Amino acid sequence: MAELPATLGEALAAARGRIPAGEARMFLREVTGCTAAQVAAYPERGLAAEQAARYVELLDRRAAGEPVAYLLGEREFYGRRFGVSPAVLIPRPETELIVDLVKARIAPEAAPAILDLGTGSGALAVTLALEIPAAWVTAVDLSPTALAVARGNAAALGAQVSFVESDWFAAVGAARFDFIVSNPPYIVDDDPHLAEGDVRFEPRTALASGRSGLDDLTRIAAAAPAFLAPGGWLLMEHGYDQAAAVRVLLQAEGFVAVASARDLAGIERVTLGRYPLRGVDAGARQA
Ligand code: GLN
């Protein structure tokens, strides 16, 4: 076995050319409990053997491509730390857009019923429950291991969420929701992106969705009206080139006020629509 680094400075040197320096500093913080400033200011500070061994393991696994979020077991979403494991998609900043769009559509006194389809780590469901304390949030996932991660996050962050193991709406029951949100899989099955970077290590079922990438978006759009309260909203994240197709899907299902919202990179990332209030259906469909 190669010699273990004996100091913070040696540890950073061992990472050079293998992983970005910022990631090496993060791993050092993780194994030593030092702050970033301490790591930078005290290169001669000694490392205990078990700290060094743990650091070298993180370094080697990261150099082999494993995502930082899985190595550290956490990722920030909407300002909160979420536990993550390879059973769940790593939360991404663009998905925070869905939280903002829901918050912008809530009346001050409202206690909306919200459903999160394919909750994964629970990032959306838990964040919505905490941001909208009066909300009733239900979150489903097909994967029991993902649900265990999501339940852990709800408990750790003090969020009230009802979790259900379900293939999309299959086990949701007779409830109707004011908001249905989802970050479903939407990548084309043979997209080369699936073989690159972090995505290689993430659950394929959370990423890929048929030959057009639209299989799950289509399924959810078709089923959602039966689970929406009159005037309820459906909001779905999708790929950078899918906004127009998803708008057409929603319009074809009778949604109104259909629009797409851009993420911080300027990409149309979330498409939303409102299921009409009963009685105005016919007129609204022509609008
Ligand atoms: N946006 C992610 C990516 O392209 C995919 C997330 C998803 O499929 N829901 O890496």
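Not measured: the values here are computed from a predicted model. For the single chain, residues carry numbers from 1 onward in sequence order. All ligand and atom numbering here is 1-based and tracks the order in the structure.
Residue, atom and distance of the protein heavy atom nearest to atom 1 (N) of ligand 1 are Tyr186 OH, 2.8 Å. Of the protein's non-hydrogen atoms, Arg92 NE, 3.2 Å is the one closest to atom 2 (C) of ligand 1. Protein heavy atom in closest approach to atom 4 (O) of ligand 1: His193 NE2, 3.1 Å.
Under a 3.5 Å cut-off, the side chain of Tyr55 and the backbone N or O of Ala11 do form a donor-acceptor pair. In terms of modelled atom types and a separation under 3.5 Å, the side chain of Arg176 and the main chain of Ala174 share no donor-acceptor contact.
Aromatic ring orientation, Phe82 versus Phe77: perpendicular (interplanar angle above 60°, classes split at 30° and 60°).
Contacts with ligand 1 closer than 4.0 Å are made by backbone heavy atoms (N, CA, C, O) of Ala206 only, the side chain lying farther away.
The side chain to side chain contact (heavy atoms under 4.5 Å, CB included) test with Leu72 is passed by exactly one of Met26, Glu23, Arg81, Arg29: Met26.
One side chain, Tyr186 or Glu237, offers a donor N or O that lies under 3.5 Å from an acceptor on the other. No side-chain N or O of Asp263 forms a donor-acceptor pair with one of Tyr240 less than 3.5 Å apart.
The N/O atoms of Pro184, backbone and side chain alike, include one that comes under 3.5 Å of an N/O atom in ligand 1.
Residue-ligand proximity, Val199 to ligand 1, at heavy-atom distances under 4.0 Å covers atoms 10 (O).
Residue contacts with ligand 1 leave out Ala208, since none of its heavy atoms falls under 4.0 Å from the ligand.
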